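A short worksheet on the structure shown next.
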Amino acid sequence: MANISRSELIYIDSSSNDFARICPDSLTSIAAERRTIEQLLEIGTALSDCLNLTELLDLILAKSREITCSDAGSVYLIDRTDGEPKLIFSAAQNDSHPDVSFKSTSIPLNLESLAGYVATTGESLNIPDAYALSANYPYKFDRHFDLEFNYRTVSVLVLPMQNRDGETIGVLQLIDRKLKADLQITPENALSITQPYSDWERQIVRSLASQAAISIDRNQLLENIESLFAGFITASVQVIESRDPTTAGHSERVAKLSVRLSQEVNSVESGILKSIRFDERQLQEISYAALLHDFGKISIPEAIVQKGNKLYPHQLTELSYRFNLLRRTWELESAEQKFNYLLNPPLELQHRSGDNCLHCGYLQQLDRELAAKLDRLQSDWELLNKLNQPNVILTPEFADKLDAIVADLHDLAKYTYRDLDGNLQPLLTPTEIEQLLIPRGSLTVAERLIVESHVSHTYDFLQKIPWTKHLQNVPKIAGDHHEKLDGSGYPQGLIGAQIPIQSQIMAIADIYDALTASDRPYKPRLSLDRTLAILHQEAATGKLDSNLLALFEQRQVYSVLGDLSI
């Protein structure tokens, strides 16, 4: 075996004792390279799994330092958002000074700094001693950190991070390759316990830097997609609220309440809710669904969305016109009756002096009859204006005499007036009577069904959006927020577990905000106690989840809105 040539070693099994005895250095080198390859594979897997940019940069830096036994390092990302590109100091690690806080700063993107040179040229720098750089080089080493923290930078490896298109998106900088990983560097021992980076390490780390750049590119793409979603959602909420200014802020408040209640669910350690947990992605999904839960209202006619009273403004204006026209008609008819009488008064009604003049009495009787009719018409007009208010029929003033009110309205419908074409028209139409007799709120049954259809429109619209995997439930969560556990909700009449827990959470948030929001044209703002009482009533009748509601109240989830004065 002693006479085997070097070229023949390639035929010897590297796992045999003979190989280890003949060429121990080669075996060690192969093992080290194999371990490096395994590390690179592990790093690749880790990079593909990491979605948070800060965590990703820390991971890239930590693994690069681990492979090269580097004491410190930093990552710079190129920022091209402004007119002047710059390098952002985005991550830093230092084993000898682990407690030094990292502060994100920026430096000019030019040839004067090590990172700037590499970012600009795309070339690597492998510097054996940062303090021994030639004055002929365009770049200089910045000693500020060394001076401030009593450190000594010796060997430096600076590599461009290039994506698939060959574009440099950042710079990876490794500092002080140590002889042993557990050594701590000081200005006194730095030269003796560090060594230059090898060309092998430069190649390996450059490959890692390119892999990292692709991961950063992917991560930034995901962030851009999420920013796009966030921008779209913000714009969508603004569109919704622009159609109904009286509900401004509703979607944001429902989102805050829903997310806070979900977070409180995460902290429950006993009872039926203890098994329910929402991760950060699911909380984001809940937030987006809550922000968009009313988006379907964009398909509802604006007049219905903003309807504050039972009659639309144009209806009330038209009705006022009719009343005035009827009033003037009666006045004219009375005047004509007087005129005809005065032209040809009956002999028995000739004017006579004294208090018992039948002539004067007849004229006064006509005035009294007209005044009585006009007074009644005015009373009817005042009644209509009262009935036009939401929920007024439920008050004691009207509830006790509803039958008489209905009769009065039908009597009013018997009055007629002549329109501009001379045709007789009813003073009050059947549709207007139906609207004025709405017992609760301001919407007719047909109008309410139109409003309720906004949930289906919301779902249909959101379903068309290509949501990312972790947001794929947004349409379902938003589309089910009006469902009730007892099946009395809409649009599908789902029961119990058929309703996502996220939608059940949002239902509580939505009702709470609808009841406590600032006065709307169709309802007053309710107090906290009254609102909670209504929510408990809904839970008692099996419409809302009583456990979620108890948590909502006990943890004062509503305090997230910051206004407890209601």
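Computed from a predicted model, the values in this text were never measured in an experiment.
A heavy-atom distance below 4.5 Å is not found between the side chains of Leu133 and Lys140. Within the 4.5 Å cutoff, side-chain heavy atoms of Lys476 are placed close to those of Pro500. With a 4.5 Å cut-off on side-chain heavy atoms, Val557 and Gln263 do not count as touching. Met506 is not listed as a side-chain neighbour of Ile286, based on a closest heavy-atom distance of 4.5 Å or more. The side-chain heavy atoms of Ile511 and Leu544, taken from C-beta on, include a pair separated by under 4.5 Å. With contacts defined as side-chain heavy-atom distances shorter than 4.5 Å, the pair Arg260/Arg555 does not qualify. With a 4.5 Å cut-off on side-chain heavy atoms, Leu157 and Arg177 do not count as touching. Counting only heavy atoms from C-beta outward, the side chains of Gln162 and Arg206 approach each other to under 4.5 Å.
Remark: side-chain polar atoms of Asp142 are paired, donor with acceptor, to backbone N or O of His144 under 3.5 angstrom. Checking side-chain atoms of Gln282 against main-chain N and O of Asp279 turns up a donor-acceptor pair under 3.5 Å. Listed for the Thr105 side chain is no donor-acceptor partner under 3.5 Å among the backbone atoms of Phe89. Using a distance-only test at 3.5 Å, with no hydrogens or angles considered, no donor-acceptor pair links the side chain of Asp480 to the main chain of Glu483. Between the side chain of Asn189 and the backbone N or O of Thr186, at least one donor-acceptor pair lies under 3.5 Å. Arg277 places a side-chain N or O within 3.5 Å of a backbone atom of Asn266 that can act as its donor or acceptor partner. Using modelled atom types, one side-chain atom of Gln504 and one backbone atom of Ile499 make a donor-acceptor pair closer than 3.5 Å. For the pair Ser503 (side chain) and Ile477 (backbone), a donor-acceptor distance under 3.5 Å is present. Formation of a donor-acceptor pair under 3.5 Å by the Asp513 side chain with backbone atoms of Val254 is not found in this model. At least one donor-acceptor pair closer than 3.5 Å links the side chain of Gln184 to the backbone N or O of Ser96.
Taking OG of Ser155 as the start and NZ of Lys178 as the end, the distance is 11.0 Å to the nearest 0.5 Å. Atom CE of residue Met161 and atom OG1 of residue Thr168 lie 10.5 Å apart, to the nearest 0.5 angstrom. In this structure, CD in Glu553 is found 11.5 Å from OG1 in Thr531, a value given to the nearest 0.5 Å. How far CD1 of Ile88 is from OG of Ser104: 6.0 Å, rounded to the nearest 0.5 Å. One distance of note links CG of Leu551 with OG of Ser546; it measures 11.5 Å at 0.5 Å rounding. From Ile127, atom CD1 reaches atom CG of Leu114 across 4.5 Å, with rounding to the nearest 0.5 Å.
Residues forming a ring pair (Phe, Tyr, Trp, His ring centres under 6.0 Å) with Phe552 (at least two apart in sequence, or on another chain): Tyr512, Tyr558. Not counting sequence neighbours, the partners of Glu452 by the side chain to side chain contact (heavy atoms under 4.5 Å, CB included) test are Arg448, Leu449, Tyr490. With sequence neighbours excluded, the residues satisfying ring pair (Phe, Tyr, Trp, His ring centres under 6.0 Å) with Tyr137 are Tyr139.
Using cut-offs of 30° and 60° for the angle between ring planes, the Tyr151 and His97 rings count as perpendicular. Between Trp467 and Tyr288, the ring planes are tilted. Angles from 30° to 60° get that label.
Residues Gly296 and Thr458 come closest through the heavy atom pair N-OG1, 2.7 Å. In plain terms, the two heavy atoms of Leu183 and Asp71 that are nearest each other are O-OD1, 4.1 Å. Looking at every heavy atom in both residues, Lys180 comes nearest to Cys69 through C-SG, 3.7 Å. In this structure, Ile505 and Ser258 approach most closely via the heavy-atom pair CG2-O, 3.6 Å. Heavy-atom minimum distance, Val118 versus Pro160: CG1-N, 3.4 Å. Contact detail for Leu257 and Val560: the closest heavy-atom pair is CD2-CG1, 3.8 Å.
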Inset, instruction - Before giving the answer on side-chain contact (heavy atoms from CB on, under 4.5 Å), spell out for Thr468 and Glu285 the whole-Å C-alpha distance, their side-chain angles and the decisive distance to 0.1 Å. - result: CA-CA 10 Å; Thr468 56; Glu285 188 176 55; over 6 Å; no
Legend entry - side-chain contact (heavy atoms from CB on, under 4.5 Å) evaluation trace for Tyr117 with Glu123: CA-CA 8 Å; Tyr117 179 87; Glu123 300 175 3; 3.0 Å; yes
Inset, instruction - Go through the steps for Asp199 and Asn126 under the test side-chain contact (heavy atoms from CB on, under 4.5 Å), then give the verdict. - result: CA-CA 9 Å; Asp199 189 59; Asn126 189 350; 6.0 Å; no
Inset, instruction - Go through the steps for Ser251 and His293 under the test side-chain contact (heavy atoms from CB on, under 4.5 Å), then give the verdict. - result: CA-CA 7 Å; Ser251 297; His293 76 282; 4.1 Å; yes
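The number of heavy-atom neighbours closer than 6.0 Å to NZ of Lys256, taken from other residues, nucleotides and ligands shown, is 12 or below. Within 6.0 Å of the CD1 atom in Ile272, the count of heavy atoms belonging to other residues, nucleotides or ligands does not exceed 12. Within 6.0 Å of CD on Glu302 lie more than 12 heavy atoms contributed by other residues, nucleotides or ligands. Counting non-hydrogen atoms of other residues, nucleotides and ligands closer than 6.0 Å to NZ of Lys274 gives a total of 12 or fewer.
In this structure, Arg152 pairs ionically with Asp129, as a charged nitrogen and a carboxylate oxygen lie closer than 4.0 Å.
The only option from Asp176, Asn94, Asp95 that meets the side chain to side chain donor-acceptor pair (under 3.5 Å) definition with Arg65 turns out to be Asp95.
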